[in-house]
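Every number for a ligand or one of its atoms is a count from 1 in the order of the listing. Because the structure is a prediction, the values reported are computed rather than measured.
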Amino acid sequence: MGNRVTCVDIDPVKIEKLNQGIIPIFEPGLEQMVLKNVKNKNLLFTTNLGEAISDAEIVFIAVGTPMGDDGSADLQYVLAVAKSIGQSMLKRLIVVDKSTVPVGTADQVKATIQKELDLRNSDLEFDVVSILNF
Ligand SMILES: NC(=O)c1ccc[n+]([C@@H]2O[C@H](COP(=O)([O-])OP(=O)(O)OC[C@H]3O[C@@H](n4cnc5c(N)ncnc54)[C@H](O)[C@@H]3O)[C@@H](O)[C@H]2O)c1
């Protein structure tokens with residue numbers, strides 16, 4: 001649709017493969033769509049979160065939420081990304097949680113980002129949005 005999208009992962013092998021046009025998931029039409037948008041520079045892959053969000057307007061968190069021993073979702077990866085966002089953001093952001101998380105997680109994401117901004121003495125503003133999966 002013409003948006004510029006940068007995908008971030010901490011796994012350098014995954015990012016390297018994506019940059020080589022090797023797509024790890026199958027979905028009809030996905031490979032052509034990815035290759036076309038990489039070619040026209042609307043789609044980028046990187047391990048550098050700070051660089052990726054420096055001029056972003058919207059950030060989607062889509063890391064894993066594995067089930068813990070008691071059946072609840074393990075939020076450590078979601079909150080680790082929230083912390084990195086708070087440490088790196090340079091302008092107002094909309095942060096969207098796309099990971100599958102329980103009600104109340106947006107409050108934790110918000111508090112985690114705000115804590116990092118406070119440590120930076122930053123008055124940057126942000127909004128947190130949750131996408132529910134049914
Ligand atoms: N797969 C789907 O179709 C689907 C659909 C809707 C929602 N979801 C939800 O999205 C979430 C992710 O699902 P998935 O199947 O893509 O999981 P996945 O485990 O395949 O991918 C998660 C990725 O996050 C990366 N990661 C971990 N910590 C990171 C960090 N700090 N910074 C950047 N990247 C990091 C991992 O290296 C991994 O590549 C889950 O909560 C899932 O329930 C998935």
Side-chain angles (χ1 to χ4, degrees):
M1 297 179 73
N3 293 309
R4 193 154 175 263
V5 177
T6 304
C7 304
V8 181
D9 202 294
I10 49 170
D11 181 346
V13 174
K14 198 175 260 191
I15 293 299
E16 181 54 32
K17 284 188 175 163
L18 284 161
N19 275 322
Q20 290 170 8
I22 303 166
I23 319 295
I25 40 178
F26 177 76
E27 200 175 303
L30 182 66
E31 186 170 299
Q32 298 92 306
M33 192 186 288
V34 169
L35 295 177
K36 181 183 124 194
N37 285 288
V38 166
K39 197 173 169 197
N40 68 22
K41 298 198 180 343
N42 272 339
L43 184 59
L44 297 114
F45 301 100
T46 180
T47 54
N48 189 331
L49 178 109
E51 206 175 277
I53 70 167
S54 63
D55 65 349
E57 293 173 52
I58 307 175
V59 178
F60 288 81
I61 302 177
V63 290
T65 43
M67 194 161 64
D69 292 340
D70 63 354
S72 65
D74 180 351
L75 297 180
Q76 65 168 303
Y77 305 103
V78 171
L79 297 179
V81 176
K83 185 175 177 180
S84 302
I85 291 170
Q87 290 169 337
S88 329
M89 62 190 275
L90 297 174
K91 53 183 258 199
R92 189 186 174 115
L93 271 186
I94 297 171
V95 179
V96 183
D97 198 346
K98 178 70 186 78
S99 296
T100 306
V101 293
V103 170
T105 303
D107 290 337
Q108 289 190 58
V109 167
K110 189 175 175 187
T112 304
I113 295 172
Q114 190 60 57
K115 187 176 166 196
E116 295 306 316
L117 289 175
D118 291 346
L119 287 170
R120 292 167 55 194
N121 288 320
S122 167
D123 59 2
L124 281 176
E125 295 185 352
F126 63 97
D127 298 289
V128 178
V129 179
S130 286
I131 296 182
L132 296 179
N133 304 291
F134 295 100

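- The T65 neighbourhood of ligand 1 comprises atoms 40 (C), 41 (O), with distances under 4.0 Å to a heavy atom of that residue.
- Side chain to side chain, D70 and S72 meet the donor-acceptor criterion of an N or O pair below 3.5 Å.
- Ligand 1 places these atoms under 4.0 Å from at least one heavy atom of K14: 38 (C), 39 (O).
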### Task
Give the intermediate values and the outcome of side-chain contact (heavy atoms from CB on, under 4.5 Å) for residues N42 and N3.
CA-CA 7 Å; N42 272 339; N3 293 309; over 6 Å; no
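- If you take CG on L93 and CD1 on I58, they are separated by 9.5 Å, rounding to the nearest 0.5 Å.
- A salt bridge links D127 with R92: the closest approach of a Lys/Arg side-chain nitrogen to an acidic carboxylate oxygen falls below 4.0 angstrom.
- In A62, the part holding a heavy atom less than 4.0 Å from any atom of ligand 1 is the backbone.
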### Message
Show, in sequence, the C-alpha distance, side-chain angles and deciding distance for E57 and K91, and conclude whether the side-chain contact (heavy atoms from CB on, under 4.5 Å) test is met.
### Response
CA-CA 8 Å; E57 293 173 52; K91 53 183 258 199; 4.1 Å; yes
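- Heavy-atom proximity to atom 26 (N) of ligand 1, evaluated over V13, V63, L75, is greatest for V63.
- Taking each of V8, D9, D11 in turn, the one with a heavy atom nearest to atom 37 (O) of ligand 1 proves to be D9.
- No chain of hydrophobic side-chain contacts below 4.5 Å, direct or via other Ile, Leu, Val, Met, Phe, Trp or Tyr residues, connects I22 to I25.
- For ligand 1 and K98, the ligand atoms under 4.0 Å from any heavy atom of the residue are 6 (C), 7 (C).
- For the pair Y77 and ligand 1, the shortest N or O to N or O distance does not fall below 3.5 Å.
- Interface of V81 with ligand 1, defined as ligand atoms under 4.0 Å from a residue heavy atom, comprises 30 (C), 31 (N), 32 (N).
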